[in-house]
Amino acid sequence: MSGTADPLWLDVVGSPVAAWWHAPVLGVPRQPRALVLSHGIGVDGAFGRPAVQQLALALASRGVCVLRFDPPGAGDSSGSWLDDGVVGAWQASFEAAVAEAMRRGAAGVDIGGVRLAGLVAATAWRRSGATRLLAWAPVGTGKAWLRELRAFGGLSRATLGPDDDIETPVPEGMQQGGGLRIGRGAVAALQGLQVEAAQIPAGGDALVVPRDDPPDDGHAVAALERAGARVARVEASGYKLAHETPEVRVVPAAVIRAAQDWYGVPASTTDGAMTLGAEPTPGPRAEVRGIRVGDVAAEQVVRMGPADGLVGVWAEPPAAPRSGTGVLFLNSGVLSHEGPHRLWVESARAMAARGVPSLRLDFAGIGDSAADAAARVNHPYGPTIPRDVDTAVAWMRARGVARVVLVGLCSGAHAAFHAARAGAPVVAIVCVNPITWYWRESDPLDANEWMTFGEFTHYTSRVTERDAWRRLLTGKVNIAYVAQVFARRTRDVVSAWMDRVRGAQDPRRARRGDLAGDLRTIVARGTRVTLVFGSREPGLDYLRLYARRAVRDLASAGGLHLAVATGPDHTFTPWGWRRWVEGEIARAVDRAVAAAGSA
């Protein structure tokens, strides 16, 4: 599936909203109608973005133009969930997007979205000027969505110990969970948001693909019908698959085909489920104007690399940079360049406010970057990642950034470490929660499969707790599973000891790599190293098993900084923990600037 996708910015009540315009594949007749499609909001935005992108590509491949956008407070758009007017801004975004699609020649425009975005689209239906509605797994009310968010937040907190959560008490009227902190005004607006309030245009048709896991209660469909819409309900399983672990997400062909049938265009030929990935071929270079996000950053979508296939967002301070230092943010797993829970967007804008420019990069085959022949689509450890890092570093240096700092989380941390190990011209690296230091093809991609150390730490930390023993003695603990965790931990420790012995005899015999030696080499070249970990991370365990003395020596000499936090999950989901990571990145940049000044 291919086509052209050009970036643009929509003006929504004076604030920029990031969007992409998907035109039909060359030679495919353009259909008269276009679709405005919102990326998901909240959790659906983080995990479901590739599904929205793939749906847009599939429709464009059959001649339907699609304008997809990040709602305010999400993705690369401006705004925040703390803004009182953010829900109204979501609705206004559909109006601006419909107007833009009409300006680009569409004879008629439909709107759509996933889950909460589907509900917002319904409430903005008539006022936006759209004719029809496409809603995938729409939630019936904002209250129902807030309940889901509270449940999601409770599930996350259930894995924490009593002293693990950095979150401050939530002020009355606000809500947090799933990586979000929602202001009072936004909570109040969401509580009043419901499909029943939708104003349906005359003769309004709606395509609804209900959620299948858990099964949809039919509330949204019934409410749309009561409001006067003609609803075509199509049962298509796969909402869960489209929002699964990022590396295995797929969007069911049935969902794509339902949308293509709705437009009366030939269906895609792929059977079963379609693997998600970036657009295979990039569109022509588009003239993208810079934007200003508040008073802290001017941002621009940029292209680089083979056939301009790599895409990133360049954020500059509104005034002249205070130094020649800049930050390159790398993909975390196969999440897009916005980072987990928008961490890279928030960090980049914080950096710009302090006078430091940055680039948020999508590797080839991930996010909005094209997958060339050498790349692996949707793969966090793809073979072209070292090339992409080198390309981005060279692009930044050509832009006037003399000193580049690499920042990555999970597989992005792995990429930063190996770029420095290979001698990339960078002054510092910030590695946040690398799952592994030396990934191999036989290794799992699911982060959960690496968490033996975290589970072991969890069980050993509760040995002195009376309640833990009560649960054990009353049969409420799976003793066999706990035994398996301890057995795996013993295996890992013995394996590490044997590997150190082999490596001491001959470094080439080490099973994975010489972490201690590599860290010493990186620092000796003049590259400062900052390592940021949650206390239960397997990458931290590996560091302590294989490079404890090297870390101690390098830290004493000032070339390495290790920061360990007790409690956070792998992607620092809680809002407060992300602010902590943001601070560690800022301090790493300050150390790099100070070192350059004293050189």
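Keep in mind that the numbers below use all heavy atoms, side chains included, and drop hydrogens, waters and symmetry copies.
Side chain of Asn433 to main chain of Cys410: no donor-acceptor pair is present (N/O by atom type, distance under 3.5 Å, no hydrogens or angles). Although no hydrogens or angles enter the test, the distance criterion places no donor-acceptor pair under 3.5 Å between the side chain of Glu338 and the main chain of Ala74. Here the side chain of Ser15 pairs no donor or acceptor atom with the backbone of Ser78 at under 3.5 angstrom. Remark: the backbone N or O of Arg421 is not paired with any side-chain donor or acceptor of Asp518 at under 3.5 angstrom. A donor-acceptor contact shorter than 3.5 Å links the side chain of Arg342 to the backbone of Gly73. Side chain of Asp6 to main chain of Trp21: no donor-acceptor pair is present (N/O by atom type, distance under 3.5 Å, no hydrogens or angles). Checking side-chain atoms of Arg536 against main-chain N and O of Gly567 turns up no donor-acceptor pair under 3.5 Å. Counting only distance, with no hydrogens or angles, the side chain of Asp70 and the backbone of Asp76 share a donor-acceptor pair below 3.5 Å.
Between His418 and His414, the angle of the ring planes lies from 30° to 60°, which puts this pair in the tilted group.
Between Leu335 and Arg49 there is no side-chain heavy-atom pair separated by less than 4.5 Å. Residues Val564 and Leu540 form a side-chain contact, since some pair of their non-hydrogen atoms from C-beta on lies under 4.5 Å apart. Between Leu515 and Tyr438, the closest side-chain pair of non-hydrogen atoms falls below 4.5 Å.
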Step-by-step side chain to side chain donor-acceptor pair (under 3.5 Å) determination, Trp314 to Glu316: CA-CA 7 Å; Trp314 174 245; Glu316 289 184 298; 3.2 Å; yes
Go through it in stages, so that I can follow the logic: the residues are Arg578 and His341, the test is side chain to side chain donor-acceptor pair (under 3.5 Å), and I'd like the CA-CA distance, side-chain angles, deciding distance and then a yes or no. CA-CA 9 Å; Arg578 295 203 305 280; His341 312 291; 4.9 Å; no
Arg387 and Asp372: CA distance, side-chain angles, deciding distance, salt bridge (Lys or Arg N to Asp or Glu O under 4.0 Å) verdict: CA-CA 12 Å; Arg387 177 204 68 186; Asp372 58 33; 2.8 Å; yes
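The closest side-chain donor-acceptor pair between Thr530 and Arg587, if any, does not fall under 3.5 angstrom.
Partner of Phe363 under the side-chain contact (heavy atoms from CB on, under 4.5 Å) criterion, out of Thr384, Leu310, Val389: Val389 alone. Tested against Val589, the residues Val427, Val356, Val430 include a single side-chain contact (heavy atoms from CB on, under 4.5 Å) partner, Val356.
Once rounded to the nearest 0.5 Å, the distance linking CG of Asp590 with CD1 of Ile585 reads 12.0 Å.
Between Arg360 and Glu299 there is a salt bridge, since at least one side-chain N of the basic residue sits less than 4.0 Å from a carboxylate O of the acidic one.
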